[in-house]
Amino acid sequence: MKLLVSAGPTREFLDPVRFLSNRSTGRMGYAVAEAGVAAGDEVALVSGPVEIAPPAGLAALDRVVSARDMLAALEKRVEWCDALVMTAAVADFRPESAAADKIRKGEMPETIRLVRNPDILKTLAPRKGRRVFVGFAAETRDAAASAARKLAAKGLDLVVANDVTAPGAGFGVDTNVVTLVSPDAPPESFPIATKRDIAAMLVERVRKLLLRQTESSLA
Ligand code: CTP
């Protein structure tokens, strides 16, 4: 399988030293990439700024900074892939403009105007075809319900929902607690597990979905 994985946060600069970002560390996405390599898949990883080392054996690694960079990198690679697993925590907004020089405190506006970033999955949706597209949804409440909404809104095959406030789940820990939400089955909740084990399970799930989609397109 040719697996395209996005991981980590994006950074949206206000000036050369300040940015908006989020708490993503990239661990879940790097674990998915590693699980793909371990299973013998070809894996391309598009990563926002993180502090962990990429797994060995990647077919490609693109390091990106902003949501728009991430979109551009994924647009270049999407045709290549059989499946896209979007674990990245993409910043939904960016400052309307980024100053070329550091903004002095006397010049800092009290209000920073934000504009919407592109929704990467929605932008790539027209190019999905028979590919399997998987989203992640980090939630703080009603994880399964809002994952189901995202599944429909973004035309995905699977959403991996996690309540980032649950013990052992979310940012910066080696474990996660996930629920798989798909269009044609009830939500499936898993007990707490390492991100590595969840990643291995997910890669096999993606493989099954791809097989099913390939078979149904041949039928
Ligand atoms: N995502 C994306 N482009 C964005 C924001 C998110 O492709 N601009 C992807 C994420 O990588 C993830 C999925 O969409 O796989 C769900 O991300 P999430 O932030 O939970 O969804 P949003 O659509 O931003 O929903 P909301 O902020 O309303 O919860």
Side-chain angles (χ1 to χ4, degrees), residues 3-13 19-33 35-36 43-50 62-78 81 83-96 114-128 131-166 169-171 176-183 187 195 198-199 201-203 205-206 209:
L3 191 60
L4 180 57
V5 181
S6 74
T10 66
R11 287 181 181 171
E12 311 298 328
F13 277 86
F19 55 81
L20 289 178
S21 192
N22 59 65
R23 294 178 56 201
S24 170
T25 60
R27 287 188 209 194
M28 192 65 241
Y30 277 50
V32 172
V43 181
L45 176 60
V46 175
S47 178
V50 299
D62 296 329
R63 293 182 198 272
V64 298
V65 177
S66 69
R68 288 181 295 172
D69 297 342
M70 184 170 278
L71 173 60
L74 290 168
E75 279 183 318
K76 280 197 196 131
R77 298 217 179 263
V78 70
C81 78
L84 166 64
V85 179
M86 221 25 227
T87 76
V90 184
D92 288 312
F93 296 91
R94 66 176 184 274
E96 188 175 39
L114 300 177
V115 294
R116 284 284 275 272
N117 269 332
D119 186 303
I120 296 177
L121 279 171
K122 274 193 191 164
T123 310
L124 296 177
R127 293 161 74 184
K128 179 168 143 42
R131 296 178 179 81
V132 172
F133 276 17
V134 179
F136 268 68
E139 306 289 346
T140 56
R141 60 193 153 91
D142 305 331
S146 68
R149 270 196 305 277
K150 288 172 191 178
L151 184 81
K154 303 191 191 215
L156 303 174
D157 300 293
L158 187 68
V159 172
V160 183
N162 66 324
D163 180 342
V164 292
T165 62
F171 302 110
N176 210 348
V177 183
V178 301
T179 300
L180 299 188
V181 179
S182 59
K195 288 183 176 172
I198 292 170
M201 175 276 290
L202 182 61
V203 166
R205 191 60 70 102
V206 170
L209 288 172

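Keep in mind that the numbers below use all heavy atoms, side chains included, and drop hydrogens, waters and symmetry copies. Note that the structure is predicted; figures quoted are calculated from it, not measured. In each ligand, atom 1 is the first atom listed, and ligand 1 is the first ligand listed.
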Going through the distances and angles, do Arg77 and Asp62 end up as a salt bridge (charged side-chain N to carboxylate O under 4.0 Å, His left out)?
CA-CA 10 Å; Arg77 298 217 179 263; Asp62 296 329; 2.8 Å; yes
Crowding at CZ, Arg127 (>12 non-hydrogen neighbours, <6.0 Å):
yes
Rounding to 0.5 Å, atoms CG (Leu209) and CG (Leu156) come to a distance of 11.5 Å
Heavy-atom closest pair, residues Leu158 and Leu180
CD1-CB, 4.1 Å
Taking the minimum heavy-atom distance to atom 5 (C) of ligand 1, which of Asp119, Asp92, Leu74 ranks first?
Asp92
Check this for me - ligand 1, Lys150, N or O atoms closer than 3.5 angstrom, yes or no?
yes
Heavy-atom donor-acceptor pair, Thr87 side chain to Ser6 backbone, under 3.5 Å:
yes
Should the proximity of Ser146 to ligand 1, defined as any heavy atom under 4.0 Å, be assigned to the side chain, the backbone, both, or neither?
neither
Checking the N or O distance criterion of under 3.5 Å, is ligand 1 in contact with Val134?
no
Interatomic distance, CZ@Arg11 vs CG@Leu20, rounded to 0.5 Å, equals 12.0 Å
Looking at atom 14 (O) of ligand 1, what's its closest protein heavy atom, distance included?
Lys154 NZ, 2.9 Å
The single option from Leu124, Ile120, Val134 passing side-chain contact (heavy atoms from CB on, under 4.5 Å) against Leu84
Leu124
Students should be able to answer this: which protein heavy-atom is nearest to atom 2 (C) of ligand 1, and at what distance?
Ile120 N, 3.5 Å
Geometric N/O contact Ala88 with ligand 1, under 3.5 angstrom
yes
Identify the heavy atoms of Asp157 and Ser182 that sit nearest to each other, and give their distance.
O-CB, 3.7 Å
With a 4.0 Å cut-off on heavy atoms, is Ala67 in contact with ligand 1?
no
Out of Thr87, Thr123, Leu121, who is nearest to atom 9 (C) of ligand 1 when you count heavy atoms only?
Leu121
Val90-ligand 1 polar pair, N/O distance under 3.5 Å
no
For the CZ atom of Arg68 and the OG1 atom of Thr123, what is their distance to the nearest 0.5 Å?
12.5 Å
Side chain to side chain donor-acceptor pair (under 3.5 Å) partners of Ser21, counting only residues at least two apart
none
May I ask whether Lys122 has any heavy atom positioned less than 4.0 angstrom from an atom of ligand 1?
no
To which protein heavy atom is atom 12 (C) of ligand 1 closest, and what is the distance rounded to 0.1 Å?
Phe136 O, 2.9 Å
Checking a contact table here: which protein heavy atom is nearest atom 8 (N) of ligand 1, and how many Å away?
Pro118 O, 2.9 Å
Look at atom 23 (O) of ligand 1 and say whether a protein heavy atom is found at less than 4.0 angstrom from it.
yes
Tell me whether Gly135 has any N or O atom under 3.5 angstrom from an N or O of ligand 1.
no
